[in-house]
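Scroll down for the structure; my scribbles are underneath it.
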2 protein chains.
Amino acid sequence: MAKRAERPGDPAKLIGLLWRPTEAVSRSGLTPKVITRAAIALADQEGIDALTIRRVAGDLGVSTMALYPYIAGRSELLELMLDAVAAEVYAHTTPPAQAGQWRTRIEHIAQANWDHHMAHPWTVDIAAGRPVPGPGVSGKYETELSALDGLGLSDIEMDQTLTAILGLVSNAARETISLRRIRQESSLTDTQWWESVGPSLGKAMAGASYPVARRVAASLGEATGLATDPEGAFRFGLGMLMDGLGTLIGARGRHTL
Amino acid sequence: MAKRAERPGDPAKLIGLLWRPTEAVSRSGLTPKVITRAAIALADQEGIDALTIRRVAGDLGVSTMALYPYIAGRSELLELMLDAVAAEVYAHTTPPAQAGQWRTRIEHIAQANWDHHMAHPWTVDIAAGRPVPGPGVSGKYETELSALDGLGLSDIEMDQTLTAILGLVSNAARETISLRRIRQESSLTDTQWWESVGPSLGKAMAGASYPVARRVAASLGEATGLATDPEGAFRFGLGMLMDGLGTLIGARGRHTL
DNA sequence: CAATGTATTGTACTGCGTAAGAAGCATGAC
DNA sequence: GTCATGCTTCTTACGCAGTACAATACATTG
């Protein structure tokens, strides 16, 4: 946490980087694409906290400041990374036929985004700025909107439906990834952790009574062994959302969980 | 971005801080509560990036290291802050009668959480860790689950429904706050920004064609003057979600937008 | 009033993004 | 082949973060 001097970032420069990347190879072999790829690989393996300019430069075998002419700064690099991975979201899947059921299409979108977040966990950590869509993000948006086109929704409703779907996915992904990270770092299993924490928590909470919360937490613990089940919540929420969408467009979808 | 040495943090200590805060006032007048309050005030006004231990200590008129005996470290302070504001979410609202319509109750929850995020924008920036619920969070959870109790949902479904609702809210809040921040920082209005960016973007995108995306973006721009409308998406998504919930529990709710 | 233990402070370490200027290297002109 | 030109790359240094560690100031007890 707590960022250091990060210049505002020039939008025009960013657009250039996104849409017209320099292909010319200079004497070190650096290009925005090469740097972005190295940065993505690093972030995939070690998380954004490990993604420092120094480290990326080190991985590429050049000095820290050598990167700055190609990427404008750290925040621009993050945008380049986001756009690059966005271009891959639907690259390795065969989309269901456009004529197919809309529920299938939506589930395909949700699943692809889920897989995307799981493959690149750092994508849930980046706070979106003023959106400057690059080719990857634009293509992804186009693909997703197309799946919602022709259902009888207005343009605005299409966008809002998509936002809701992607929001459910990214929320669940964020929580799942957060849990996974903590498990890796703490070297304690969930059971061990609860055993160490449970007693003192029970003692501390003595007196306060949360009847419904206690009942629900107990049920959750029995069913999933965890205090929280983000992926389950996501699939359930998506089902409800699609039911609501079915009602809205009069297509009478059935809830499938 | 990029955090520095942040110890893992002792869960047991955190539980103690959350549930049995030291009331004893030492010679400087410091207590966890006082520090937490100061930190919240600072974060509310200047954002989490401004929330440094040094700064909080300065605001309280003590040296940096004086805080460490009371809060265990920065991450524990964040947890204390989150729990403290969670306790306030429903403090200043009169909840609708339990006997009332469930849609009203859910809308009340969503609205309270929306207001909460708007009052404390930093709440959308904090990555959740392994959940160690304090009294504030627990009380909030209890209140929210109670609003969903008795609708015929299973315990797990209640939790998942709540997760979906709160997810929609926090996503929309995150985007809204992000946009607001950028507007404040860039000192350019949205119109000015688009005027500066639009032309080069248009030129860059020449050749690529995104028919649906272009149409939808145009509609969005006309309707809201913006490329994105998080709050609208949130209200629309919530409506759909509640419609789906209505279908599920057979209560036949009507979509109200 | 002295002794003791804790609350507080000062100093220092490491690591970050990046500004500024020095140095290195490829390229074209003669 | 030699050399000036101009971009590329590297070195150095600044400011600021969290917090470890040791020294100091203070309140309390006898």
Side-chain angles (χ1 to χ4, degrees), chain A residues 1-10 13-14 22-32 34-35 38-39 42-43 46-81 122 125-127 129, chain B residues 1-10 13-14 22-32 34-35 38-39 42-43 46-81 122 125-127 129:
Chain A
M1 256 307 138
K3 68 180 56 155
R4 276 155 303 302
E6 237 167 54
R7 308 123 319 110
D10 182 1
K13 190 174 290 181
L14 180 54
T22 321
E23 295 291 352
V25 174
S26 55
R27 69 175 186 263
S28 61
L30 291 178
T31 62
V34 169
I35 299 173
L42 175 57
E46 308 191 26
I48 346 175
D49 285 349
L51 185 83
T52 66
I53 303 285
R54 282 162 157 82
R55 178 69 194 279
V56 174
D59 288 359
L60 288 167
V62 297
S63 83
T64 306
M65 298 307 285
L67 303 187
Y68 276 83
Y70 301 96
I71 58 164
R74 188 179 193 268
S75 58
E76 283 84 351
L77 176 57
L78 291 177
E79 304 269 7
L80 291 176
M81 292 168 65
W122 47 273
D125 294 318
I126 297 179
Chain B
M1 258 308 131
K3 69 181 55 156
R4 274 156 306 299
E6 238 168 53
R7 309 125 315 114
D10 181 3
K13 190 174 289 183
L14 179 54
T22 321
E23 295 292 350
V25 174
S26 54
R27 67 175 188 263
S28 61
L30 291 178
T31 62
V34 168
I35 298 173
L42 175 58
E46 309 191 27
I48 344 178
D49 285 349
L51 185 81
T52 65
I53 303 285
R54 282 166 159 84
R55 178 69 195 279
V56 174
D59 287 0
L60 288 167
V62 297
S63 81
T64 306
M65 297 307 286
L67 304 187
Y68 276 82
Y70 300 95
I71 58 165
R74 188 180 195 267
S75 57
E76 284 84 352
L77 175 58
L78 291 177
E79 304 269 7
L80 291 177
M81 291 167 64
W122 48 273
D125 294 318
I126 297 179

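It should be emphasised that the depicted structure is a prediction, and the values quoted were computed from it without experimental measurement.
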Open item on the list: With nearest nucleotide decided by heavy atoms, which residue, A:R54 or B:A50, maps closer to the 5′ end of DNA chain D?
Closed with: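 Result: A:R54.
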[X] has an atom [atom1]; how far is it from atom [atom2] of [N], in whole Å?
{"X": "A:R55", "N": "C:dT14", "atom1": "CZ", "atom2": "P", "value": "19 Å"}
{"X": "A:L30", "N": "C:dG24", "atom1": "CG", "atom2": "P", "value": "19 Å"}
{"X": "B:L78", "N": "D:dT19", "atom1": "CG", "atom2": "P", "value": "10 Å"}
{"X": "B:L77", "N": "D:dT19", "atom1": "CG", "atom2": "P", "value": "10 Å"}
{"X": "B:L51", "N": "D:dT19", "atom1": "CG", "atom2": "P", "value": "12 Å"}
{"X": "A:E76", "N": "C:dG17", "atom1": "CD", "atom2": "C1'", "value": "12 Å"}

Looking at [X] and [Y], what are the two nearest heavy atoms and their distance?
{"X": "B:L67", "Y": "B:A57", "value": "CD1-N, 3.8 Å"}
{"X": "A:R74", "Y": "A:L51", "value": "NH2-O, 2.9 Å"}
{"X": "B:A66", "Y": "B:L30", "value": "O-CD1, 3.9 Å"}
{"X": "A:Y68", "Y": "A:G73", "value": "CE2-CA, 4.0 Å"}

TODO: Please round to the nearest 0.5 Å and tell me the distance separating atom CG of B:L14 and atom CG of B:L77.
DONE: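 B:L14 atom CG to B:L77 atom CG measures 11.0 Å (nearest 0.5 Å).
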Identify, with sequence neighbours excluded, every residue that meets side-chain contact (heavy atoms from CB on, under 4.5 Å) alongside [X].
{"X": "B:R55", "value": "B:L42, B:E46, B:T52, B:D59"}
{"X": "A:T64", "value": "A:I53, A:R54"}
{"X": "B:T31", "value": "B:V25, B:K33, B:V34"}

- [ ] Just jot down the side chain to side chain donor-acceptor pair (under 3.5 Å) partners of B:S63, sequence neighbours excluded, or say none.
- [x]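 None.
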Give each protein N/O atom lying under 3.5 Å from an N/O atom of nucleotides 24-30 of chain D, with the pair distance.
none

Open item on the list: Under 4.0 Å, heavy atom to any atom of DNA chain D: which of residues 61-71 of chain B qualify?
Closed with: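 Result for residues 61-71 of chain B: B:T64, B:M65, B:Y68, sorted by number.
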TODO: Ignoring the backbone of A:R74, work out which of C:dA7, C:dG17, D:dT19 is nearest its side chain.
DONE: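 Closest nucleotide to the A:R74 side chain: C:dG17.
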